[in-house]
Peer 1: 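Please find one structure pasted underneath; my questions will follow.
Fair warning: this is a prediction, and the values are worked out from it, not measured in the lab.
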Amino acid sequence: MELDADTQALAKGGFHCLLCDINVPNQASLEDHLKGRKHQKLRSVRDTRKTQEQHSVFVSGFQRGTTELQLIDHFQRFGPVASVIMDKDQGVYAIVQFNNTESLQVALAEPQHCMAGQRLRVKPRETKEFKYIPKKKQDPSKQQLISLEELTPALCQADTVGEQMQRLVELFELSESERRLRELLVSLLQEIFSEFFPECKVLPFGSSVNSFDIHSCDLDLFLDLENTKTFQAKAKSTAAQAGEGLSEDAQSEDSILSDIDLESATSTEVLELVATVLQKCVPGVHKVQAVPSARRPVVKFIHKESGLQGDISINNRLAVRNTRFLQLCCSLDERLRPLVYAVRYWAKQKQLAGNPCGGGPLLNNYALTLLVIFFLQNRQPPVLPSVNHLKSLAGEEDRCIIDDWDCTFPCDSSILPASENTEHLCTLLSEFYNFYGQFDFAGAVISPRHGRALPITDFLNSEGDRNPRLGPLNILDPFELCHNVAGNLNERTEQRLRRQCQEAAKYCRSLQYQRKSTKGKVWGLVRLFHQQGGSAASHGQSGEAGADRMIIGIPFKLSALSGDTRKQLQGSGDFRQLWFSEVCGAMLCVLENVLQISCSPVKRVSEEGTKPNASGEQSSHSSETSFNEIAEQESANLDVPCVKDPLKGGTENETKSQELKGKPCLQEANNNEDVHSKDSPIASLQDEPQSGVKRPRLSEETPQPSSSKKQRLDPAHPQAAVGWQCTLWHKVWAGRRKVRRDLLKGLKEDSRPDGGSIELESKVTEAIAQQEKEAKVSGAVLEFTLHAEVVGGTEDTRTLAKFTPLVDGSNLFQDFFHFLESFLPRMTGKFLEKSG
């Protein structure tokens with residue numbers, strides 16, 4: 001691939017894109033970047049501006065007060081004029097753009113330009129090098145958030161955490177002058193738009209008016225044209241009855257509407273019309289831009305004098321209703337505002353929210369607000385009622401249906417009963433972090449409408465267009481129930497959110513949070529907001545849980561499940577058990593088919609002893625749980641594969657494996673046939689973990705006594721936990737990369753399997769086994785037990801695979817487990833993909 005003028009190779013390796021001002025590590029990344037949306041958009045903008053420069057002339061010398069129309073009349077003699085850009089500040093120059101270069105050359109060839117007795121100076125437009133400046137660098141002085149250094153003195157002077165939160169609100173909320181400016185601008189827009197769109201309404205919504213305003217927040221506006229459509233329809237009907245065109249009155253008030261039918265016009269056409277009115281008729285407004293491709297198409301603008309940024313939308317009635325709902329919640333309980341302000345600032349400090357360039361896998365302010373509302377709905381007693389409860393208290397006059405969504409709730413908060421909850425702000429903030437630090441994001445959907453978490457299996461029906469897009473974190477809009485307001489988040493952000501909540505909950509239990517320092521040290525919210533280093537990996541993903549026990553976690557990923565599996569999980573009593581059985585079968589396929597490890601069911605001594613059942617009586621289960629019985633029942637659904645003898649061609653160990661499992665052998669993993677039964681389609685469940693990350697010690701993941709707060713499925717249940725005793729015959733990790741490279745080099749390019757595929761990894765293991773056979777290395781390398789269980793409820797749903805060494809004379813288990821940490825989840829996902 002030859003480098004174009006926009007890219008250059010770096011001396012230390014990698015490439016630099018001059019247009020986008022970013023570095024990429026390798027050729028593949030460079031190709032992806034050059035095909036990406038950002039690079040292509042910047043190329044398009046640069047080409048457009050270059051064309052404009054080539055078709056434009058710089059004009060000066062005309063009288064002040066000269067209009068664009070006068071300049072167009074003059075230069076149209078030389079050819080069609082595309083546009084004229086005036087110097088609005090001084091009115092001493094203009095840029096005239098022609099439609100083609102021929103007209104430009106004719107204008108430049110004119111020896112003398114005179115207009116209104118003035119001699120014009122006309123010359124080619126100066127060409128400038130196009131340079132991209134990211135938004136966050138365009139105006140570094142403008143910051144919406146006060147820095148923590150500025151906040152610290154004000155917050156530390158408070159006497160309680162509750163006072164700190166109240167001061168946070170006072171520091172961030174809009175001042176009276178800022179509110180007044182927004183009100184005046186809304187009134188101005190209402191007056192002007194009414195001239196062009198009779199009986200329209202300009203309604204503010206969003207952060208400016210929803211009670212969670214901050215300095216420099218955008219002004220979001222909804223242009224309601226429903227009455228205008230009625231006006232236009234009546235005018236046409238009257239004209240049709242009279243057999244004439246629009247009445248003179250309608251023509252005088254509706255000159256723009258004569259060119260467009262609002263009822264049949266597209267959103268893009270209406271937005272362009274709105275942008276035209278803003279640009280030409282609203283004083284003090286500039287940088288007007290229509291964005292029809294957004295999820296909610298808008299027209300962006302900036303109020304020049306104040307720098308206030310605004311958006312006007314024409315089909316966002318639900319957002320107006322959401323704003324009124326948030327206003328109602330704030331009027332119901334005064335503790336909501338300070339809680340939301342504190343959580344929002346904390347999330348931005350922890351880089352969980354607040355992308356300065358917009359978009360990206362971060363939480364937005366609305367999602368954070370709904371998280372706080374949902375938490376308050378789940379306090380005992382509740383601080384806020386659910387939306388469904390509010391609906392039951394609404395009167396007929398409060399009934400509201402928008403886009404077929406029921407948006408009914410009382411408009412008057414005075415008729416609603418006050419909450420019986422009396423918890424202080426300090427306690428509520430601490431419990432907020434504790435609540436979400438233990439929340440099962442993978443297996444539940446947050447629903448402020450219902451005021452409780454809904455099972456994720458309730459949303460697996462893919463039919464229809466009113467199902468939310470599910471992801472690692474699912475927060476349903478209270479009214480538009482098909483909208484997951486956290487649908488942009490990825491797994492890394494969800495894991496960071498959980499980890500940061502756990503760290504914050506731990507800090508909130510300390511006296512440094514609860515009491516003001518008598519020595520003048522920072523305390524309370526200030527220490528909470530400070531950046532603190534967290535663990536590199538989330539709990540339960542991989543790592544140690546003791547010197548002789550290791551744990552690898554395989555998380556539940558709904559987004560990767562196949563359609564058939566979704567149907568199986570939908571309406572199931574406990575989706576975790578069904579998913580767990582599929583994961584166990586895939587793990588065994590990895591160990592036996594790919595790594596040639598012999599596995600047989602084992603007995604596990606119960607570490608909990610006799611536990612009381614639901615009625616309080618002692619359970620009849622003995623202190624030993626037979627994993628052999630569990631595995632026999634599991635194998636009826638798992639089709640556990642067997643392996644050939646790694647040393648003798650597959651006779652002795654294959655027979656041994658058959659005797660242990662009583663199941664027929666599956667095809668080898670490198671065949672094209674599915675390793676599961678055809679009725680068990682499962683998609684990939686685990687991405688490859690990052691390498692080079694230190695494994696945390698997972699002391700919390702060791703089996704807990706019966707008083708543990710973590711919700712675990714009963715190990716005596718046939719599908720809750722299983723175990724196997726395993727024998728490793730080869731050092732499958734030693735030199736694996738080199739063996740893989742050598743295998744790939746020996747194959748033709750068109751016949752090479754995909755990197756990391758089941759087929760390739762099986763061949764790598766066979767090659768390692770052959771090398772050891774040639775070196776006359778025989779016998780088992782080590783023996784270990786594998787116990788698997790599924791967890792969820794008060795933590796993310798996932799399968800925990802616990803490894804315990806039995807025979808490890810050469811101290812190789814640590815190296816083997818380190819290899820499995822990334823290999824086992826990745827290859828388990830491959831098997832699940834293959835079976836799906």
Side-chain angles (χ1 to χ4, degrees), residues 162 165-166 168-170 173-174 179 203-213 220 222 316-344 365-432 435-436 445-454 475-481 483 485:
M165 296 170 71
Q166 295 290 356
L168 195 68
V169 175
E170 296 169 1
E173 67 181 350
L174 292 174
R179 295 183 195 277
L203 304 174
F205 67 92
S207 54
S208 288
V209 291
N210 66 6
S211 304
F212 303 109
D213 47 275
D220 299 312
F222 168 58
N316 208 4
R317 197 179 304 274
L318 276 169
V320 178
R321 193 63 176 170
N322 275 327
T323 296
R324 292 177 181 172
F325 168 69
L326 296 181
Q327 292 171 341
L328 175 67
C329 290
C330 287
S331 63
L332 287 176
D333 199 291
E334 61 182 8
R335 291 171 290 182
L336 176 59
R337 285 192 79 207
L339 274 172
V340 169
Y341 276 83
V343 169
R344 283 185 179 184
N365 283 335
Y366 184 46
L368 289 168
T369 303
L370 291 183
L371 284 176
V372 176
I373 289 175
F374 181 76
F375 158 72
L376 295 178
Q377 291 172 338
N378 283 269
R379 298 304 295 159
Q380 293 298 329
V383 177
L384 293 174
S386 67
V387 177
N388 281 340
H389 182 64
L390 289 174
K391 176 187 172 183
S392 67
L393 300 176
E396 187 62 30
E397 68 280 3
D398 297 318
R399 180 173 173 78
C400 178
I401 305 295
I402 300 176
D403 297 337
D404 296 330
W405 296 111
D406 192 343
C407 304
T408 302
F409 57 82
C411 297
D412 184 6
S413 61
S414 62
I415 67 173
L416 301 176
S419 170
E420 298 178 0
N421 187 295
T422 58
E423 290 177 294
H424 295 293
L425 285 171
C426 176
T427 302
L428 287 175
L429 184 60
S430 174
E431 290 301 320
F432 170 86
F435 180 79
Y436 287 111
V445 174
I446 294 171
S447 176
R449 183 170 192 89
H450 299 85
R452 57 184 173 84
L454 303 177
I475 308 173
L476 287 187
D477 185 276
F479 307 108
E480 190 180 9
L481 300 180
H483 180 206
V485 300

Peer 1: State, to 0.1 Å, how close Val169 and Pro338 come at their nearest heavy-atom pair, and which atoms those are.
Peer 2: CG2-CA, 3.6 Å
Peer 1: Would you say the side chain of Asp213 lies within less than 4.5 Å of the side chain of Ser208, judging by non-hydrogen atoms?
Peer 2: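 They are not in side-chain contact.
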Peer 1: Using distance alone, with no hydrogens and no angle criterion, decide if Ser386 and Asn388 have a side-chain donor and acceptor under 3.5 Å apart.
Peer 2: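 Looking only at side-chain atoms, Asn388 and Ser386 do not form any donor-acceptor pair under 3.5 Å.
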Peer 1: So does Thr427 get a backbone contact from the side chain of Ser430, meaning a donor-acceptor N/O pair under 3.5 Å?
Peer 2: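 Answer holds: no.
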Peer 1: How long is the gap from CD on Gln327 to SG on Cys411, to the nearest 0.5 Å?
Peer 2: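 Rounded to the nearest 0.5 Å, the CD-SG separation comes out at 10.5 Å.
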Peer 1: What I'd like to find out is whether the side chain of Leu425 reaches to under 4.5 Å of the side chain of Gln166, using heavy atoms alone.
Peer 2: yes
Peer 1: What pair of heavy atoms forms the shortest contact from Ser419 to Asp333, and how long is it?
Peer 2: CB-OD2, 4.2 Å
Peer 1: If every non-hydrogen atom of Leu393 is compared with every non-hydrogen atom of Pro417, which pair is closest and at what distance?
Peer 2: CD1-CD, 4.4 Å
Peer 1: Should Phe222 and Thr323 count as side-chain neighbours, where that means a heavy-atom distance under 4.5 Å?
Peer 2: no
Peer 1: Quick one: does Leu390's side chain get under 4.5 Å of Leu328's, heavy atoms only?
Peer 2: yes
Peer 1: Walk me through whether Leu326 and Ile373 qualify under side chain to side chain contact (heavy atoms under 4.5 Å, CB included).
Peer 2: CA-CA 9 Å; Leu326 296 181; Ile373 289 175; 3.7 Å; yes
Peer 1: What heavy-atom pair brings Cys407 and Leu318 nearest, and what distance separates the two atoms?
Peer 2: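 So the two residues come closest at SG-CD2, 3.5 Å.
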Peer 1: Between OG of Ser211 and OH of Tyr341, what distance do you get to the nearest 0.5 Å?
Peer 2: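 That separation rounds to 8.0 Å.
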Peer 1: Out of curiosity, Leu370 CG to Asn365 CG, how far, rounded to the nearest 0.5 Å?
Peer 2: 11.0 Å
Peer 1: Check whether any side-chain heavy atom of Leu416 sits under 4.5 Å from a side-chain heavy atom of Pro410, and report yes or no.
Peer 2: yes
Peer 1: At their closest point, which heavy atom of Ala367 faces which heavy atom of Ile475, and how far apart are they?
Peer 2: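 Minimum heavy-atom separation between Ala367 and Ile475: O-CD1, 4.0 Å.
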Peer 1: Of all the heavy-atom pairs spanning Thr408 and Ala394, show the shortest one and how long it is.
Peer 2: CG2-CB, 3.7 Å
Peer 1: Hey, does Leu376 have a side-chain heavy atom less than 4.5 Å from the side chain of Leu339?
Peer 2: yes
Peer 1: Could you check whether any side-chain N or O of Ser207 sits under 3.5 Å from a backbone N or O of Phe212, counting only pairs where one atom can act as donor and the other as acceptor?
Peer 2: no
Peer 1: Side chains of Arg344 and Thr369, heavy atoms from C-beta outward: is any pair under 4.5 Å?
Peer 2: yes
Peer 1: Return the CZ to CD distance between Arg452 and Gln377, rounded to the nearest 0.5 Å.
Peer 2: 11.5 Å
Peer 1: Should Ile401 and Asp406 count as side-chain neighbours, where that means a heavy-atom distance under 4.5 Å?
Peer 2: yes
Peer 1: I'd like to know if the side chain of Asp477 and the backbone of His483 have a donor-acceptor N/O pair within less than 3.5 Å.
Peer 2: no
Peer 1: Evaluate the ring planes of Phe375 and Phe432, with Trp represented by its six-membered ring, and classify them as parallel (under 30°), tilted (30 to 60°) or perpendicular (over 60°).
Peer 2: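 Rings of Phe375 and Phe432: perpendicular, as their planes differ by over 60°.
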Peer 1: Hey, what do you get for CH2 (Trp405) to CZ (Arg449), rounding to the nearest 0.5 Å?
Peer 2: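 Trp405 CH2 to Arg449 CZ: 9.5 Å, rounded to 0.5 Å.
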Peer 1: Establish, yes or no, whether the cationic atom of Arg321 lies under 6.0 Å from the six-membered ring centre of Phe409 and within 45° of the ring axis.
Peer 2: yes
Peer 1: Does any pair with a residue in residues 418-431 pass salt bridge (charged side-chain N to carboxylate O under 4.0 Å, His left out), and if so which ones, sequence neighbours excluded?
Peer 2: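 Checked against salt bridge (charged side-chain N to carboxylate O under 4.0 Å, His left out) - neighbours excluded - the pairs reaching residues 418-431 are Arg379-Glu423, Arg379-Glu431.
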Peer 1: Can you measure from CZ (Arg335) to CG (Leu429) and round to the nearest 0.5 angstrom?
Peer 2: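 The CG atom of Leu429 is 13.0 Å from CZ of Arg335, to the nearest 0.5 Å.
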Peer 1: So which of Tyr366, Phe205, Phe479 actually passes ring-ring contact (aromatic ring centres under 6.0 Å, His included) with Phe325?
Peer 2: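 Answer after filtering Tyr366, Phe205, Phe479: Phe479.
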